[in-house]
Amino acid sequence: MATSSTIYPEADSFIRSDSTTGNWGSQTVLRVGEYSGGNRRHAVIRFDVSSFTNPTDIVSANFTLTEQTSYGSVTRPMILARLDQDFVESTVTWDESATGVSWTGGAGGASNGQY
């Protein structure tokens, strides 16, 4: 018999291309997308899945985001990817995954995504 589990994030933040050293780990919303002037915002979210020791035990997953505010009427695609580098919620920025630790894939962590 299959069982299901709900796993909530243990850490999250958003990072901004127009404020490369700012940290928003204490915010209660995740701002994502491309804003005016081409300024991008990425969300980073960490889940503790250490209790799943056999990857074949996971047969499906659902990830739900709820839109709080919409800016404009244009629908834009969103890419979800698994990061290959950890981050520290209280210090993650566009330039660094943690204090003094640059994103190995470049600013914004986008090239750290495993698609």
Side-chain angles (χ1 to χ4, degrees):
M1 179 174 160
T3 61
S4 71
S5 300
T6 301
I7 304 170
Y8 295 98
E10 65 177 12
D12 59 47
S13 184
F14 68 91
I15 53 180
R16 298 172 49 167
S17 67
D18 64 332
S19 182
T20 60
T21 60
N23 173 268
W24 289 271
S26 64
Q27 295 291 307
T28 58
V29 296
L30 295 173
R31 299 180 190 275
V32 296
E34 188 166 329
Y35 288 66
S36 63
N39 296 315
R40 292 178 293 153
R41 296 183 186 175
H42 297 171
V44 290
I45 307 168
R46 181 175 51 244
F47 297 90
D48 180 2
V49 293
S50 61
S51 64
F52 297 97
T53 56
N54 183 359
T56 61
D57 289 343
I58 302 172
V59 294
S60 69
N62 295 308
F63 182 75
T64 304
L65 296 172
T66 303
E67 179 182 39
Q68 181 179 1
T69 305
S70 177
Y71 294 98
S73 60
V74 177
T75 301
R76 294 181 176 91
M78 182 178 287
I79 298 171
L80 297 176
R82 179 182 179 272
L83 285 175
D84 64 4
Q85 182 173 345
D86 200 5
F87 67 93
V88 175
E89 181 180 47
S90 61
T91 63
V92 64
T93 69
W94 188 261
D95 289 339
E96 298 182 333
S97 63
T99 300
V101 181
S102 297
W103 288 104
T104 58
S111 293
N112 288 98
Q114 296 179 350
Y115 302 96

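Start at 1 with the first residue, then count along the sequence. Quantities reported herein were computed from a predicted structural model and do not represent experimental measurements.
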### Query
Should V49 and Y8 be regarded as members of a common hydrophobic cluster, given that ILVMFWY residues are connected when their side-chain heavy atoms come within less than 4.5 Å of each other, either directly or indirectly?
no
### Query
How close do Q85 and S102 get, heavy atom to heavy atom, and via which atoms?
NE2-O, 3.1 Å
### Task
Looking only at non-hydrogen atoms, find the nearest pair between S13 and G25 and report the distance.
OG-N, 3.2 Å
### Query
Do the side chains of L83 and W94 join up, straight or via other hydrophobic residues, at under 4.5 Å, putting them in one cluster?
yes
## Note on the structure
Nearest heavy-atom approach of W103 to G108 is CD1-N, 3.9 Å
### Query
So among I45, T93, V44, which one has a side chain to side chain contact (heavy atoms under 4.5 Å, CB included) with F87?
V44
### Query
Is it the case that more than 12 heavy atoms not belonging to I79 sit under 6.0 Å from its CD1 atom?
no
### Message
Would you say T21 and D95 are linked by a side-chain donor-acceptor pair, where the criterion is simply a distance under 3.5 Å?
### Response
no
#### Entry: Side-chain touch R16/Y35, heavy atoms, less than 4.5 angstrom
no
### Message
Please enumerate all residues that pass salt bridge (Lys or Arg N to Asp or Glu O under 4.0 Å) together with D48, with sequence neighbours excluded.
### Response
none
#### Entry: For the student: nearest non-hydrogen atoms of S97 and D86, plus distance
CB-O, 3.4 Å
### Any donor-acceptor N/O pair, Q27 side chain to F14 backbone, under 3.5 Å
no
### Query
Which atom names give the shortest non-hydrogen contact between N112 and G105, and what distance separates them?
OD1-N, 3.1 Å
### Task
Mark yes when over 12 heavy atoms from residues, nucleotides or ligands other than N54 sit less than 6.0 Å from its CG; otherwise mark no.
yes
### Joint hydrophobic cluster, L65 plus I7, side-chain heavy atoms closer than 4.5 Å
yes
### Query
Is the F47 ring parallel, tilted or perpendicular to the F63 ring (thresholds 30°, 60°)?
perpendicular
### Query
Does some side-chain heavy atom of N23 sit less than 4.5 Å from a side-chain heavy atom of V92?
yes
### Message
On a heavy-atom basis, which atom in P55 and which in T53 lie closest, and how many Å separate them?
### Response
CD-O, 3.6 Å
### Task
Mind checking the NE2-CD spacing from H42 to E34? Nearest 0.5 Å is all I need.
9.0 Å
### Task
For R41, check salt bridge (Lys or Arg N to Asp or Glu O under 4.0 Å) against everything at least two apart and list the hits.
none
